[in-house]
Amino acid sequence: MNNPQNVLISLEERHAENILDGTKTVELRRRPMHVAIGATVWFYVKVPVGSVIGCAKVAGVHTLAPSTLWNRFGSVSGLQRREFFEYFSGLPAAFALSLKEPCRLATPIPLSELRDASSGFHPPQFFANVASDGPLFRAMSRGLRMEHSTVPQRSSTRREPALVMA
């Protein structure tokens with residue numbers, strides 16, 4: 001059976017919060033991440049927070065010239081134009097993960113718990129693959145609300161799960 005890909009990335013708190021609030025729908029990187037569409041990206045917020053606080057699904061992967069990336073995703077990048085172009089200064093190509101279905105963990109998973117689950121764990125500098133059957137994944141998954149509460153839709157009787165894990 002093919003397990004879905006899970007990756008862990010380190011983010012500043014403001015970027016993780018903007019993703020979880022839905023105002024930032026792309027994660028920008030200076031180099032490509034080899035991540036499959038449909039993968040789950042887990043967000044480790046750097047110290048002083050020092051916890052995994054949420055996740056989202058990968059909707060698309062994009063490697064483009066910085067100006068093209070800005071034109072396409074600038075308004076949902078979480079950055080001002082100047083900050084965006086300073087970040088990608090000197091690079092011919094920029095990378096973005098389009099994200100969907102952000103989910104805030106009901107219980108953030110602190111660094112100490114991640115280290116208890118996986119001895120020698122260090123937050124990734126770039127990103128790290130997380131085995132779907134491994135202790136780190138189990139520790140992070142404990143923070144999810146596993147009950148599937150439903151949200152009624154206004155114009156129909158259709159109901160959608162508030163959280164669906166692949």
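Residue indices begin at 1 and follow the sequence shown.
For the salt bridge (Lys or Arg N to Asp or Glu O under 4.0 Å) test, residues two or more places apart in sequence or in another chain that qualify with D21 are R104. Applying the salt bridge (Lys or Arg N to Asp or Glu O under 4.0 Å) criterion to E12, with sequence neighbours excluded, gives R14. When the salt bridge (Lys or Arg N to Asp or Glu O under 4.0 Å) test is applied to R82, the partners found at least two apart in sequence or on another chain are E86.
Separation of the F43 and H15 ring centroids does not fall under the 6.0 Å cut-off.
Atom CG of residue L105 and atom SG of residue C55 lie 6.0 Å apart, to the nearest 0.5 angstrom. To the nearest 0.5 angstrom, K57 atom NZ is 8.5 Å from K100 atom NZ. To the nearest 0.5 Å, the span separating OG on S141 from CG on L136 amounts to 9.5 Å.
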Item to check | Worked verdict on T40 versus Q5 for side chain to side chain contact (heavy atoms under 4.5 Å, CB included) | outcome: CA-CA 6 Å; T40 299; Q5 185 181 18; over 6 Å; no
Under the criterion side chain to side chain contact (heavy atoms under 4.5 Å, CB included), I'd like the reasoning laid out for M140 against L8: C-alpha separation, chi angles, the key distance, then a yes or no. CA-CA 10 Å; M140 293 186 309; L8 179 64; 4.0 Å; yes
Exercise. Please assess S98 against H62 for the test side chain to side chain contact (heavy atoms under 4.5 Å, CB included), listing each intermediate value before the final yes or no.
Key: CA-CA 8 Å; S98 294; H62 312 276; 2.7 Å; yes
* To do: Could you walk me through whether K24 and S77 pass side-chain hydrogen bond (donor to acceptor under 3.5 Å, both in side chains), step by step?
  => CA-CA 5 Å; K24 175 177 163 67; S77 70; over 6 Å; no
Q) Does the side chain to side chain contact (heavy atoms under 4.5 Å, CB included) test come out yes or no for F88 and L28, once each step is laid out? A) CA-CA 9 Å; F88 290 117; L28 305 171; 3.8 Å; yes
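Summarising the geometry of P92 relative to P66, their closest heavy-atom pair is O-CD, 3.5 Å, with the distance given to 0.1 Å. Scanning all heavy atoms of the two residues, the minimum distance from G50 to Y44 falls at CA-OH, 3.3 Å. Looking at every heavy atom in both residues, P102 comes nearest to L20 through CB-CA, 4.0 Å. Between L144 and C103 the shortest heavy-atom distance is CD2-SG, 3.7 Å.
The closest side-chain heavy-atom distance from F137 to W42 is below 4.5 Å. Residues S132 and N6 are in side-chain contact: their nearest non-hydrogen atoms beyond the backbone lie under 4.5 Å apart. Between L97 and M33 there is a side-chain heavy-atom pair separated by less than 4.5 Å. Counting only heavy atoms from C-beta outward, the side chains of I9 and V41 approach each other to under 4.5 Å. Using a 4.5 Å heavy-atom threshold, the side chains of L114 and V52 count as touching. Residues V26 and L99 fail the side-chain proximity criterion, which asks for heavy atoms closer than 4.5 Å. Side-chain contact between W70 and L64 is absent, with no heavy atoms from C-beta onward closer than 4.5 Å. A 4.5 Å side-chain heavy-atom check between E17 and T23 finds every atom pair outside the cut-off.
Counting only distance, with no hydrogens or angles, the side chain of R30 and the backbone of Y87 share a donor-acceptor pair below 3.5 Å. Proximity of a side-chain donor or acceptor of T63 to a complementary backbone N or O of F95 within less than 3.5 Å is not detected.
The number of heavy-atom neighbours closer than 6.0 Å to CD of Q80, taken from other residues, nucleotides and ligands shown, is 12 or below.
When the side chains of ILVMFWY residues are joined at heavy-atom separations under 4.5 Å, either directly or via intervening members, F121 and V47 end up in a single hydrophobic cluster. Under a hydrophobic-cluster definition in which Ile, Leu, Val, Met, Phe, Trp and Tyr are linked whenever side-chain heavy atoms come within less than 4.5 Å, directly or via other members, V61 and F127 are assigned to the same cluster. Connection of F126 to V45 is established within a shared hydrophobic cluster, with ILVMFWY side chains joined at heavy-atom distances below 4.5 Å, either directly or through further cluster members.
Salt bridge E27/R29: present, at least one basic N to carboxylate O contact under 4.0 Å.
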